[in-house]
**Student:** 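Mind having a look at this structure? Questions to follow.
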Amino acid sequence: MIKAVKGTRDILPPDSRVWNRVEETARRVFAAYHYGEIRTPIFEETALFARGVGEETDIVSKEMYTWEDRDGSSLTLRPENTASVIRAYIEHRLDQRPGLQKLYYIGPMFRRERPQKGRYRQFSQIGAEVIGSESPAVDAEVIEMVLEILSQCGLSGFHLVINSVGCKNCRPAFLALLRERLQDVKGQLCGDCQRRADTNPLRVLDCKVPQDQPVIETLPSILDHLCEVCKPHFATVRQFLDDRGIQYEVRPRLVRGLDYYMRTTFEVVHGSLGAQNSVLGGGRYDGLAESLGSRVHSPGIGFSIGEDRLVMSVEEASQNASGGALDVFIAPLGAEPLRHAAGLAHELRRHNVRVEIAFEGKLKRALELANKLNARYTLIVGETEMAAGVYALKNMTSGEQETISREQLAERLYAGK
RNA sequence: GUGGCUAUAGCUCAGUCGGUAGAGCGCUGGAUUGUGGUUCCAGAUGUCACGGGUUCAAAUCCCGUUAGCCACCCCA
């Protein structure tokens, strides 16, 4: 039997309803914040991600789906979407358009990692980018918006973490200092951290081993080494968040895996996601466009929500995913009533009433099915009703049944549609 | 890429010391000529993940493969 390949999955009804709800909610919020949708290709030239995400990152060095095309060019399934959006921004000269470019996207990404809870090889992200401003107020608005999406999805109990990772002026000096200090204390750290001290010094700061914490406390904090541009930028972001009463934790140890981040970075975590507890991550990337060949300075900030994880959290938050998937189940009794039912169903559906027909079986069977399908009403169309030009409408919750005219039926069902 | 656990009906799972397959739910039909949910009766469904080995005999023991889950690395 052929099965879905490792790390991919089918999303079936009724689960797909949660996905649709999440996406509709996100689109609604994006619209309110005046974002437009961008749809970029699902694969790109490999060089785009190598240059955009960073050659040395795990994503690029070992997690990409890359292949050689027939003409010899190297192509890659997108592992994230920011690089593509910036590529499109440059390619189509969106910097020439008036105002900020506020773009959002929803779609699948691909990384060849070992699957586990909330981590798949094909996964979906809901993300957005604002390009064309360095203002810290934009950072705050982006964060505010992403929280709005989460709460409008019915999610609570999430936790916002923010940090500033500096810029090309202040980060190198801090990194040098950190490396130096790490050499001194390396012996007191866990095995992983001794390795990280050389390969990925920032990652040491995020180590979760309890025994390492006292030592990590003594390491320098990036926030104490921000330059005269980055420091007020971060202060203003915080001020704007404070103004709106947004709760957050400043975590100088928050590191992001992608090379292009600078200044503001943020993350939202939610319990019950196991080790993969991060629902979304984002940050500012003022140098990315230039590194992808832009001739104009195009600072940007963006985020991406792990939709798979968000859906998981939303499902837990609201167990009752059901709720009237079907308005009317039509039970025709006989050949002529079935012909009539087909026409009636069409008419009702044109008014967005959710209708299903019992094409086969006896009335008893139809009612059983109506019950299983959670139909609000069953409409019985028999020879008797046909002759009298009426219907028998049965309320499946109360069990009450009444004979109503065709006009009354429309009145009853179109209400609220 | 590394480690641990797991794989039996559509789903959740039981299966003893190795003796040839079970339950609940769901599904189908009936008790009921055109009235569901509750109840009762009956029925169907299995490559015991796959491949090999040990044995008179393997769902059960051993090896391998694949897949899933969990964790690590890393990350959304």
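Everything quoted here is computed from the prediction, not taken from an experiment. Here is how names work: the chains are called A, B, and so on, in the same order as the sequence lines, proteins then strands, and each is numbered from 1.
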**Student:** Give a yes/no verdict on a cation-pi contact between Arg78(A) and Phe49(A), requiring under 6.0 Å between NZ or CZ and the six-membered ring centre and an angle within 45° of the axis.
**Tutor:** no

**Student:** Counting a pair only when it is Watson-Crick or G-U and both distances are under 3.5 Å, which runs of at least 3 such pairs involve RNA chain B?
**Tutor:** B:1-7 with B:66-72, B:10-13 with B:22-25, B:27-31 with B:39-43, B:49-53 with B:61-65

**Student:** Considering only atom C1', compute the distance from rA14(B) to rG46(B) and round it to an integer number of Å.
**Tutor:** 15 Å

**Student:** At under 4.0 Å, does any side-chain N or O of Arg114(A) touch on OP1 or OP2 of rC74(B)?
**Tutor:** no

**Student:** Does Lys372(A) put a side-chain nitrogen or oxygen below 4.0 Å from OP1 or OP2 of rU28(B)?
**Tutor:** yes

**Student:** Using a cut-off of 6.0 Å, state whether more than 12 heavy atoms not belonging to Tyr33(A) lie near its atom OH.
**Tutor:** yes

**Student:** On the nucleotide rC70(B), are OP1 or OP2 found under 4.0 Å from the side-chain N or O atoms that Gln116(A) carries?
**Tutor:** no

**Student:** Indicate the ring-plane relationship of Tyr104(A) and Phe30(A), choosing parallel, tilted or perpendicular according to the 30° and 60° boundaries.
**Tutor:** parallel

**Student:** Is the distance from OP1 or OP2 of rG68(B) to the nearest side-chain N or O of Lys3(A) less than 4.0 Å?
**Tutor:** no

**Student:** Output every pair passing ring-ring contact (aromatic ring centres under 6.0 Å, His included) with a member in residues 382-413 of chain A, not counting sequence neighbours, ordered by first then second residue.
**Tutor:** His340(A)-Tyr391(A)

**Student:** What are the atom names and distances for every N/O pair under 3.5 Å that joins the protein to nucleotides 36-42 of chain B?
**Tutor:**
unit_1	atom_1	unit_2	atom_2	d
rG36(B)	N7	Lys394(A)	NZ	3.2
rG36(B)	N1	Met396(A)	O	2.8
rG36(B)	N2	Asn371(A)	OD1	2.6
rG36(B)	N2	Met396(A)	O	2.7
rG36(B)	N3	Asn371(A)	OD1	3.4
rG37(B)	O4'	Asn371(A)	ND2	2.9
rG37(B)	N2	Thr397(A)	O	3.4

**Student:** Under a 4.0 Å threshold between the charged nitrogen and the carboxylate oxygen, would Arg412(A) count as salt-bridged to Glu402(A)?
**Tutor:** yes

**Student:** Below 4.0 angstrom, N of the basic side chain to O of the carboxylate: do Glu24(A) and Arg27(A) qualify?
**Tutor:** no

**Student:** Between rU35(B) and Lys362(A), is there an OP1 or OP2 to side-chain N/O distance shorter than 4.0 Å?
**Tutor:** no

**Student:** Using atom P of each nucleotide, how far apart are rG34(B) and rA42(B) to the nearest Å?
**Tutor:** 25 Å

**Student:** For the C1' atoms, the ones on rU12(B) and on rU65(B), what distance do you get once it is rounded to whole angstrom?
**Tutor:** 27 Å

**Student:** Taking atom types as modelled, find out whether Ser74(A) and Asp69(A) have a side-chain donor-acceptor pair closer than 3.5 angstrom.
**Tutor:** no

**Student:** Under 3.5 Å, is there an N or O donor on one side and an acceptor on the other linking the side chain of Arg119(A) and the base of rC70(B)?
**Tutor:** no

**Student:** Roughly how many Å apart are rU8(B) and rA58(B), using the C1' atom of each and rounding to a whole number?
**Tutor:** 14 Å

